[in-house]
Amino acid sequence: MRSPLAALVLCSLAPFAGAREIPSPAAPGGVHPFLTTTAGGRLLMTWTEPAGDEHAVKVASFADGGWSEPRTVVQRSDLFVNWADFPAVAVTPDGTLFAHWLQKSGAGTYSYDVRVASSRDEGRTWGASRVIHRDGTPTEHGFVSMVPVRDDAVGVVWLDGRQMKGDHGGDMTLRYARVDAAGRLAREDLLDRRVCECCSTGMAMAATGPVIVYRDRTADEVRDISVVRWDRGRWTKPASLHDDGWTIHGCPVNGPRIAAREKLVAVAWFTAAREEQRVNVAFSSDGGATFGAPLRIDGGSPTGRVDLVLLQDGSALVTWIDGLGEQAHIALRRVRAGGRLGPIEKLAVSSTARGAGFPRLAVAGEELFVAWTEPSSPRRIRIVARPLPR
């Protein structure tokens, strides 16, 4: 039986007004879209698609109502292709594109590295890739977040399984590195010694530096969201964003997302603490040092897989997958830091199956773009755009 709150929220369900579908540049079978924008506001999308016996990571830009010719970032037979852990591109202020992907490093199922390459000509050509971690172990490295931290460099955070090699059952760790367009690594920092094994990370640039969010893991299997941030020349110790108290003996594959504008930071995440599934959003006005009480924004039966963007007025637009089975859909809601919630908009029919992946958002110009994988046969990437709310 739904709670009165859930019933009230569902009554506010509204259509995704004013949306228009945009033809995808991806070939049939394309999956795992990721959206970002350049400093000039141009939209970029990366995705993975089959290429004979191999897979290719592609990138295309959207301008004047259409997509550029897709360009290949990398094409290989040993790419590690995963529904929850996928490539992405970040763009530095000088226009350099940085792409990351996962590539097998050994015979083990979960033996793969994070590789990063850069392009100075809008993706036409790419320099040699490099592994961003120095351990050299055939173990799991992935769930990457990447943001520009200088004109010609990006910060990269990832889950690192170097301590999990062999039969000793070590812990997954959280690590950070900085890499520039020449492929030089400036640092490799250990941020947290024990984290959830396969939930995506999130990172954004606030006024004080990078702010990182991720699903942590305590000794008694509480897996709530933690925050690490760069403050006055050093990384802070991990701090709990909110005490959800979700105890779960296994990874839920459902990480947080973060966005920042100067000192304003917003984080969205999924939790099922106390057997109640919910999507929460919390805001910080001091660069991620402290957060207000979380706001529940879902319609009563969320699966999670969240994303969010911050608008210029300080409100956040948040998406997640809501509903069960064939009734699942991609939901969108506007959330203001003061606690005011807009109506829930039903964007598209979706699925809770792994093949549906993670919908992704970006703002370009005066429009919001949303891309997701439609679990059809073959799967395909769909994209819609709608005017930003007033």
Side-chain angles (χ1 to χ4, degrees), residues 36 39 88 90-94 98 100 114 116 132-134 143-160 171-180 184-196 199-218 222-244 255-269 280-295 306-312 314 316 337:
T36 192
V91 189
T92 55
D94 71 354
F98 287 80
H100 71 74
V114 177
V116 172
I132 61 166
H133 38 88
R134 298 187 176 100
F143 295 96
V144 175
S145 291
M146 186 167 66
V147 298
V149 294
R150 287 192 339 208
D151 283 349
D152 66 343
V154 290
V156 188
V157 66
W158 72 95
L159 301 188
D160 191 298
D171 293 326
M172 183 67 76
T173 62
L174 182 75
R175 296 175 187 263
Y176 171 93
R178 190 177 74 208
V179 60
D180 66 16
R184 294 183 294 254
L185 285 177
R187 58 190 312 134
E188 184 181 329
D189 300 326
L190 174 62
L191 304 181
D192 196 321
R193 296 181 179 277
R194 189 173 199 257
V195 302
C196 197
C199 280
S200 57
T201 60
M203 179 166 54
M205 278 294 290
T208 55
V211 183
I212 297 165
V213 290
Y214 59 99
R215 192 171 297 282
D216 217 333
R217 181 187 178 195
T218 69
V222 176
R223 303 191 188 219
D224 289 343
I225 306 304
S226 285
V227 181
V228 172
R229 58 193 178 85
W230 185 256
D231 182 39
R232 289 172 287 187
R234 63 178 180 85
W235 292 107
T236 61
K237 293 182 179 179
S240 177
L241 191 152
H242 180 260
D243 182 18
D244 295 330
R257 296 290 290 167
I258 184 171
R261 281 181 176 271
E262 298 298 327
K263 290 187 176 182
L264 180 64
V265 178
V267 179
W269 74 95
N280 289 333
V281 175
F283 289 88
S284 168
S285 60
D286 55 12
T290 61
F291 283 85
L295 305 166
V306 300
D307 201 9
L308 86 163
V309 293
L310 269 176
L311 303 183
Q312 289 186 353

Visitor: Nearest 0.5 Å, what's the CE-CZ distance between Met172 and Arg217?
Guide: 9.5 Å

Visitor: Is any side-chain heavy atom of Arg134 less than 4.5 Å from a side-chain heavy atom of Leu185?
Guide: yes

Visitor: Could you state the interatomic distance from CG (Leu241) to OG1 (Thr290), rounded to the nearest 0.5 Å?
Guide: 10.0 Å

Visitor: Can you list the residues that meet the side-chain hydrogen bond (donor to acceptor under 3.5 Å, both in side chains) rule with Asp189, with sequence neighbours excluded?
Guide: Arg187, Trp235

Visitor: Taking the side chain as everything from C-beta on, heavy atoms only, tell me whether Val156 gets closer than 4.5 Å to His100.
Guide: no

Visitor: Side chains of His242 and Trp269: closer than 4.5 Å at any heavy-atom pair?
Guide: yes

Visitor: Would you call Val149 and Pro210 a side-chain contact if the rule is heavy atoms closer than 4.5 Å?
Guide: yes

Visitor: Which is it for Leu174 and Val157 under the side-chain contact (heavy atoms from CB on, under 4.5 Å) test, yes or no, and what are the steps along the way?
Guide: CA-CA 7 Å; Leu174 182 75; Val157 66; 3.6 Å; yes

Visitor: Measuring from Arg257:CZ to Ile225:CD1, what's the distance to the nearest 0.5 Å?
Guide: 12.5 Å

Visitor: CZ of Arg234 to CZ of Arg229: how many Å apart, nearest 0.5 Å?
Guide: 8.5 Å

Visitor: Sequence neighbours excluded, which residues qualify as side-chain hydrogen bond (donor to acceptor under 3.5 Å, both in side chains) partners of Arg261?
Guide: none

Visitor: For Asp151, which residues count as a side-chain hydrogen bond (donor to acceptor under 3.5 Å, both in side chains) partner, sequence neighbours excluded?
Guide: none

Visitor: Does Asp224 form a side-chain contact (heavy atoms from CB on, under 4.5 Å) with Asp216? I'd like the steps, not just the answer.
Guide: CA-CA 6 Å; Asp224 289 343; Asp216 217 333; over 6 Å; no

Visitor: Under the 3.5 angstrom rule, does the side chain of Thr201 hit a backbone N or O of Tyr214 as a donor-acceptor pair?
Guide: no

Visitor: If you define the side chain from C-beta out and look only at heavy atoms, does anything of Val116 sit under 4.5 Å from Val144?
Guide: no

Visitor: What verdict does the side-chain contact (heavy atoms from CB on, under 4.5 Å) test give for His133 and Asp160, after you've listed the backbone C-alpha separation in whole Å, the side-chain angles of each residue and the deciding distance to 0.1 Å?
Guide: CA-CA 9 Å; His133 38 88; Asp160 191 298; 4.0 Å; yes

Visitor: For the residue pair Val265 and Gly287, what are the closest heavy atoms and their distance?
Guide: CG2-C, 3.8 Å

Visitor: Between Asp180 and Arg150, is any pair of side-chain heavy atoms under 4.5 Å apart?
Guide: yes

